[in-house]
Participant: 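Let me begin by handing over the structure; questions about it come next.
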Amino acid sequence: MTATSLDIAMSRIIAAEEEHVAHNYHPLPVVISRGEGAWVTDVEGKRYLDLLSAYSALNFGHGHPAILAAAQEQLNRLTLTSRAYHNDRLGLFAAALAELCGKDLVLPMNTGAEAVETGIKVARAWGYRVKGVAPDAAKIVVAHGNFHGRTTTIVGFSDDPQARADFGPFTPGFISVPFGDAAVIDAAITADTVAVLIEPIQGEAGVVLPPEGYLKKVREICTRRGVLFIADEIQSGLGRVGATFACDREGVVPDVYLLGKALGGGVVPLSAVVADRDVLGVIRPGEHGSTFGGNPLAAAVGLRVVEMLQTGEFQERAKLLGEHLEAKLQELVGHGATAVRVAGLWAGVDIDPAAGTGRQIAERLIARGVLVKDTHGQTIRIAPPLVVRATELDWAVEQLRFVLAD
């Protein structure tokens, strides 16, 4: 095909999507057809370095051989039973994940939002059945700037107008306080509070890191006040920040981990709530579930992901490469970037308005073979697969330097 015909083919693919898919996203103008490692290829054969990793769902890169092998082997045997029956993969996966988290029990679901919704139900049930909160009085403390998903319950305690507008009425029972201030959490807790639900690092907000010691203070407050500390590690967990969990950066263990995205190896949707028996044990048969939650295919993939994390290789790569990336990005501050925030291989770069909006910078980077995603107007997020090379990061930052200079 000629270049012109390829352009026409790509335009037709985008037009068909625009015509027949609800406009709940505003994708960047690139049509990806293949992926390998940290790279993807579009329908015209042009390659791009993927610095988004599907919001950390592709921590291990596109088509990691070990993950694909586990998926293919399971595809040839059994894909779905529902939880009406036992399957020979779920118990192995749950045991391995529980060990990785240092907890007793795992409740498997599919998407990150499902994990958050499940965590909310667990916290409320724990509050009523263990703590003794009066019926329908349970409160959960959350943080300004949070992003925990898109269900109606979750957007009800978001402070993003775009997430909330025209979707009410919303579920009561949530108290929102500023992120990064442990004292306001302490002040917000009452006898009816059952949990504090936070992201250790706020991803959608632009990779916003809390002050040093914040997580330790939250842990101390939750223990002292008798409420659950629920850590949404759906984006930050499983190696992304140079440790297995972002909470590990402060040596903190929450009562409940909410996991997803990378847990499915970039192959299947897989999420989980992980906690000790005295918390997750409050859920009784018939009170919560999912047809696909804990299916054998997802469990086989999830088990392989946990096995890969148990070596510590990916956590160490994220730590060392993250330090390298941060040094390179900091050079851009004052040269088209106004601020940089980095945790492992996860970065938020605030763009000087004089250089353009985050969306404009992302679109310009496409022409240079680099894929990033904008958020909140002036910020771009960088989250390459953990298999990326230092030389590839150097090249990507150089492309960003050129774009900001333009």
Side-chain angles (χ1 to χ4, degrees), residues 56-57 59-60 67 89-123 125-126 148 195-201 203 215-216 218-219 222-223 227-265 268-283 288 293-294 298-316 318-319 343-344 346 386:
S56 291
N59 277 6
F60 307 98
I67 294 174
R89 298 288 94 186
L90 178 56
L92 295 173
F93 161 64
L97 182 59
E99 181 181 5
L100 185 73
C101 297
K103 299 292 185 183
D104 297 332
L105 298 179
V106 171
L107 200 167
M109 297 298 287
N110 306 284
T111 66
E114 285 178 289
V116 176
E117 288 275 1
T118 301
I120 290 168
K121 289 178 70 173
V122 168
W126 176 87
H148 297 286
V196 174
L197 167 61
I198 59 169
E199 301 156 272
I201 297 171
L215 298 178
K216 284 187 176 180
V218 173
R219 173 69 278 177
C222 290
T223 300
V227 301
L228 300 178
F229 177 9
I230 304 177
D232 180 345
E233 294 258 18
I234 290 165
Q235 283 198 59
S236 62
L238 308 180
R240 169 57 57 189
V241 300
T244 304
F245 304 110
C247 285
D248 293 344
R249 287 159 55 92
E250 290 195 16
V252 166
V253 178
D255 297 295
V256 181
Y257 287 104
L258 306 180
L259 305 175
K261 295 196 184 296
L263 194 58
V268 291
L270 175 60
S271 64
V273 177
V274 189
D276 281 333
R277 199 174 307 277
D278 59 351
V279 176
L280 258 182
V282 300
I283 292 294
H288 190 64
V301 170
L303 175 60
R304 182 57 51 84
V305 165
V306 172
E307 290 170 345
M308 292 165 66
L309 287 167
Q310 286 170 335
T311 70
E313 171 193 351
F314 292 94
Q315 295 91 320
E316 185 66 11
K319 179 179 181 294
W346 204 17
L386 307 186

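Atoms considered below: every heavy atom in the structure, side chains included; atoms not considered: hydrogens, waters and symmetry mates.
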Participant: Please assess Val106 against Val273 for the test side-chain contact (heavy atoms from CB on, under 4.5 Å), listing each intermediate value before the final yes or no.
Facilitator: CA-CA 6 Å; Val106 171; Val273 177; over 6 Å; no
Participant: Is any side-chain heavy atom of Ile198 closer than 4.5 Å to a side-chain heavy atom of Phe229?
Facilitator: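 Yes - at least one pair of side-chain heavy atoms lies under 4.5 Å apart.
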Participant: With side-chain contact (heavy atoms from CB on, under 4.5 Å) as the test, would you mind laying out the steps for Glu313 and Met308 before giving the verdict?
Facilitator: CA-CA 8 Å; Glu313 171 193 351; Met308 292 165 66; over 6 Å; no
Participant: Can you tell whether the side chains of Lys103 and Asp255 come within less than 4.0 Å, N to carboxylate O?
Facilitator: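 The answer is no: the pair does not qualify as a salt bridge.
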Participant: Kindly give the heavy-atom pair with the smallest separation between Leu263 and Ala272, and that separation in Å.
Facilitator: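 What the structure gives for the nearest pair is CD2-CB, 4.0 Å.
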Participant: If you define the side chain from C-beta out and look only at heavy atoms, does anything of Val196 sit under 4.5 Å from Val227?
Facilitator: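 Val196 reaches Val227 side chain to side chain.
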Participant: Looking only at non-hydrogen atoms, find the nearest pair between Phe93 and Gly302 and report the distance.
Facilitator: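 Scanning both residues, the minimum pair turns out to be CD1-C, 3.5 Å.
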Participant: Quick one: CZ on Arg304 to CD1 on Ile67, what's the gap to the nearest 0.5 Å?
Facilitator: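 Arg304 atom CZ to Ile67 atom CD1 measures 8.5 Å (nearest 0.5 Å).
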Participant: Restricting to non-hydrogen atoms, name the atom on Ala98 and the atom on Asp104 that form the minimum distance, rounded to 0.1 Å.
Facilitator: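 Closest approach of Ala98 to Asp104, heavy atoms only: CB-O, 3.9 Å.
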Participant: Roughly how far, to the nearest 0.5 Å, is the CD atom of Glu114 from the CG atom of Leu270?
Facilitator: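 Reported value, rounded in 0.5 Å steps: 10.5 Å.
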Participant: Distance check, rounded to the nearest 0.5 Å: Leu386 atom CG versus Asn59 atom CG?
Facilitator: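 One finds 4.5 Å between CG of Leu386 and CG of Asn59.
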Participant: Assess whether side-chain contact (heavy atoms from CB on, under 4.5 Å) is satisfied between Leu100 and Gln310, documenting all intermediate values.
Facilitator: CA-CA 7 Å; Leu100 185 73; Gln310 286 170 335; 4.3 Å; yes
Participant: Applying ring pair (Phe, Tyr, Trp, His ring centres under 6.0 Å), name anything that partners Phe314, two or more places apart in sequence or on another chain.
Facilitator: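 By the ring pair (Phe, Tyr, Trp, His ring centres under 6.0 Å) rule, Phe314 matches Phe60.
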Participant: Considering all heavy atoms of both residues, which atom of Pro200 and which atom of Ser236 are nearest to each other, and what is their separation?
Facilitator: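 Shortest heavy-atom contact: CD-OG, 4.2 Å.
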Participant: Do Val122 and Val279 make a side-chain contact, defined as non-hydrogen atoms from C-beta onward lying under 4.5 Å apart?
Facilitator: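 With C-beta onward as the side chain, the pair touches.
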Participant: For the NE2 atom of His148 and the CD1 atom of Ile230, what is their distance to the nearest 0.5 Å?
Facilitator: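 Rounded to the nearest 0.5 Å, the NE2-CD1 separation comes out at 9.5 Å.
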Participant: Enumerate the ring pair (Phe, Tyr, Trp, His ring centres under 6.0 Å) contacts for residues 231-252, please, sequence neighbours excluded, ordered by first and then second residue.
Facilitator: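 Qualifying pairs: Phe245-Tyr257.
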Participant: Would you say Pro108 and Leu90 make side-chain contact, with heavy atoms under 4.5 Å?
Facilitator: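 In short, these two side chains touch, coming nearer than 4.5 Å.
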Participant: Mark yes or no for whether Ser271, through its side chain, and Thr111, through its backbone, hold a donor-acceptor pair below 3.5 Å.
Facilitator: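 Checking the backbone N and O of Thr111 against the side chain of Ser271, a donor-acceptor pair under 3.5 Å is found.
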Participant: Quick check: closest heavy atoms across Ala246 and Leu215, and the distance to 0.1 Å?
Facilitator: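 Distance-wise, the nearest heavy atoms are O-CD1, 4.2 Å.
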Participant: To check you understand the geometry: which heavy-atom pair defines the closest contact between Trp126 and Asp278, and what is its length?
Facilitator: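 Smallest heavy-atom distance, with atoms named: CD1-O, 3.6 Å.
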Participant: Determine, step by step, whether Glu199 and Gln235 satisfy the side-chain contact (heavy atoms from CB on, under 4.5 Å) criterion, reporting the C-alpha distance in whole Å, the side-chain angles of both residues, the deciding distance to 0.1 Å, and the verdict.
Facilitator: CA-CA 9 Å; Glu199 301 156 272; Gln235 283 198 59; 5.5 Å; no
Participant: We want to know whether Gln315 and Thr244 form a side-chain donor-acceptor pair, criterion being a heavy-atom distance below 3.5 angstrom.
Facilitator: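 Short answer, yes.
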Participant: What pairs of residues pass the salt bridge (Lys or Arg N to Asp or Glu O under 4.0 Å) test when at least one of them lies in residues 233-253, not counting sequence neighbours?
Facilitator: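 Applying salt bridge (Lys or Arg N to Asp or Glu O under 4.0 Å) to every pair that reaches into residues 233-253, excluding sequence neighbours, yields nothing.
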Participant: Is the shortest side-chain heavy-atom distance between Val218 and Lys216 below 4.5 Å?
Facilitator: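 A side-chain contact under 4.5 Å is absent here.
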Participant: Got Leu259 and Asp232 here, is their nearest side-chain heavy-atom distance under 4.5 Å?
Facilitator: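 Not touching, per the 4.5 Å side-chain cut-off.
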Participant: Is it the case that atom CD in Glu307 sees more than 12 heavy atoms from other parts of the structure closer than 6.0 Å?
Facilitator: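 Result for CD/Glu307: enclosed.
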Participant: Pick one: which of Val116, Thr118, Val274 meets side-chain contact (heavy atoms from CB on, under 4.5 Å) with Leu258?
Facilitator: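 Going through the options one by one, the only one that passes is Val116.
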